[in-house]
There are 2 protein chains.
Amino acid sequence: MESRIERIKKQLHSASYKLTPQREATVRVLLENEADHLSAEDVYLLVKEKAPEIGLATVYRTLELLTELKVVDKINFGDGVSRYDLRKEGAAHFHHHLICLECGTVDEVQEDLLEDVEDIVERDYNFKIKDHRLTFHGICHRCNERKDQDDAANKK
Amino acid sequence: MESRIERIKKQLHSASYKLTPQREATVRVLLENEADHLSAEDVYLLVKEKAPEIGLATVYRTLELLTELKVVDKINFGDGVSRYDLRKEGAAHFHHHLICLECGTVDEVQEDLLEDVEDIVERDYNFKIKDHRLTFHGICHRCNERKDQDDAANKK
DNA sequence: GTGGATGCAAAAATTTTGCAATATA
DNA sequence: TATATTGCAAAATTTTTGCATCCAC
C-alpha cells in the first residue's frame with residue numbers, strides 16, 4: 001500500500017513541481033501534526049528542527065503550493081494569522097471547526113452536515129457552491145464537563 | 001421612532017464609553033455602507049471624507065469597541081485583511097456569506113439555516129454554540145446568468 | 001477638572017518579493 | 001544543463017502601542 005506522503009509526492013509531480021527536500025520536510029511536518037492547526041511560523045519552526053537551513057519564505061511558498069494542489073486548506077480563525085489544515089484524503093468537503101472561547105482549543109467535525117443547507121443556497125440564491133468554511137464559536141466538551149463537575153462539587 | 005444610530009449611541013453609553021465625534025462618524029459610515037464588507041482601511045478612508053482629522057488608529061480602536069459591543073462582527077475572507085460587518089438589529093445569529101470566485105462579489109444570506117446542524121453539533125460534540133461563521137465559495141447568480149446567456153449565444 | 005479618547009509616529013507582526021546561488025529532473 | 005527552487009534580506013501590509021494632548025462628561 002502506498003503511503004500518504006507518496007501520494008502527495010506524486011501529486012506534486014503530476015503538476016510538474018519538483019520534489020525538493022524542503023517540500024518533503026514541510027509535508028512531513030503537516031502529516032505529523034494533522035490534528036493541529038499550524039500557522040506558517042509554526043510549520044517553519046517544526047521544519048527547522050529537521051532541516052535547519054530552511055527559510056521562512058520557502059515555507060510560505062510551499063504552503064501556497066499545497067493550498068493550490070488542495071492538499072491543505074488555508075483557514076483563518078480571526079487571530080491575525082493564516083493556518084494550514086491538511087485536507088482529509090478523499091474528503092469531498094472541507095471539515096468544520098469548533099473553537100472554544102474558554103480554552104482556545106480547536107476541534108474538528110468531519111461529518112458534512114451541510115448538504116441540506118447547500119441545496120437551499122444553490123436553489124434559492126442560484127449560487128454554485130465549490131467550497132465552504134464553517135466554524136462554531138462556543139464552549140467545548142472538556143470545559144463543559146469541568147463546569148458540570150464544579151457545579152456538582154459546589155452543591156455538596 | 002428611535003433611529004438606528006441613536007440606539008447604537010445608547011449602547012455605547014450603557015457600556016460607559018464616551019460618545020466622540022470620531023465614533024459617531026465611524027458608526028455612520030458603517031450604516032451608510034451596510035451592504036459592503038469594509039476593511040479598517042476602507043472605513044478610515046470613508047470617515048476621513050467627513051472628519052479629515054481622524055487617525056487610522058482611532059478607527060481600529062473604534063471597530064474593536066463596536067465588535068465588543070456586538071454592533072459589528074469582525075470577519076475574515078482570507079485575503080489578508082479583517083472586515084467589519086454590521087450585525088442586523090435583533091438578529092439572533094450572524095448571517096452567512098457567499099463569495100464569488102469569478103467576480104469577487106460577496107453576497108449575504110440572512111436566513112439562519114443552521115438550526116438543525118447546530119442541534120447535532122451541540123448534542124453529539126457536547127459543544128455549547130455561542131456564535132458561528134459560515135461562508136460559501138462558488139459562482140454567484142450574476143456570473144451564472146451571464147454564462148447561461150453566453151451558452152445560449154454560442155448555440156445559435 | 002479628570003479620566004478616557006485621540007492623533008501621530010514608531011513598532012510589531014505577518015506575508016511577499018527581488019535576486020544571486022543552488023539543485024532537481 | 002536548463003530551469004525551477006531556495007535562502008536571505010528587504011519591502012510591503014496590516015495592526016498595535018506609547019505618549020503627549022485634548023475633550024466629553
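Model, not experiment: these values are computed from the prediction. Order of the sequence lines fixes the chain letters, A, B, ..., with proteins taken first and strands second; residue numbering starts at 1 for each chain.
Residue B/T20 places at least one side-chain N or O under 4.0 Å from the OP1 or OP2 atom of C/dT6. Distances shorter than 4.0 Å separate none of the side-chain N or O atoms of B/R61 from OP1 or OP2 on C/dG4. A sub-4.0 Å separation between OP1 or OP2 of D/dA4 and a side-chain N or O of A/R23 is absent. Between A/H13 and C/dA25, a side-chain N or O to OP1/OP2 separation shorter than 4.0 Å is present. For the OP1/OP2 pair of D/dA4 and a distance below 4.0 Å, the side-chain nitrogens and oxygens of A/S16 include no atom meeting the criterion. Within the 4.0 Å cut-off from OP1 or OP2 of D/dG7, at least one side-chain nitrogen or oxygen of A/Q22 is found. At the phosphate of D/dT14, neither OP1 nor OP2 sits under 4.0 Å from any side-chain N or O atom of B/S39. Within the 4.0 Å cut-off from OP1 or OP2 of C/dT16, not a single side-chain nitrogen or oxygen of A/Y60 is found.
The CD-P distance, from A/E24 to D/dT6, rounds to 13 Å in whole Å. At whole-Å resolution of the value, OH in B/Y17 and C1' in C/dT6 are 16 Å apart. D/dT5 atom P lies 17 Å from atom CD of A/E53, rounded to whole Å. D/dT14 atom P lies 16 Å from atom CZ of B/F77, rounded to whole Å. Protein atom CG of A/L65 is 16 Å distant from nucleotide atom C1' of C/dT16, rounded to whole Å. As rounded to whole Å, 14 Å separates atom C1' of C/dT14 from atom CD of A/E64. The nearest whole Å value for the distance from the CG atom in B/L12 to the C1' atom in C/dA5 is 12 Å. Here the C1' atom of nucleotide D/dT15 and the CG atom of A/D79 are 13 Å apart, to the nearest Å.
Within the 4.0 angstrom heavy-atom criterion, base atoms lie near B/L56. Among the atoms of the strands shown, none is found under 4.0 Å from any heavy atom of A/P52.
Looking at A/H97 and A/D85, their side chains do bring a donor and an acceptor atom within 3.5 Å of each other. For the residue pair A/E108/A/H37, the side-chain donor-acceptor check at 3.5 Å is satisfied. No hydrogens or angles considered: a donor-acceptor pair under 3.5 Å links the side chains of B/E111 and A/Y125. Side-chain polar atoms of A/E64 and A/Y84 form no donor-acceptor pair below 3.5 angstrom.
Other residues, nucleotides and ligands contribute only 12 or fewer heavy atoms inside 6.0 Å of the NZ atom of A/K130.
In terms of position along DNA chain C, the nucleotide closest to B/K18 lies nearer the 5' end than the nucleotide closest to the other residue of the pair B/A51 and B/K18. The nearest heavy atom of DNA chain D to A/Y44 and to B/N76 marks one nucleotide each, and the one closer to the 5' end goes with A/Y44. Where B/R83 and A/A57 each meet DNA chain D at their nearest nucleotide, the meeting point lying more 5' is that of A/A57. Positionally, the nearest nucleotide of DNA chain C for B/K48 lies more toward the 5' end than for the other of A/K74 and B/K48.
When distances run from any side-chain atom of A/L19 to the nucleotides D/dC25, C/dG7, C/dA25, the shortest one goes to C/dA25.
B/H132 and B/H96 have tilted rings, their planes meeting at an angle from 30° to 60° on a 0 to 90° scale.
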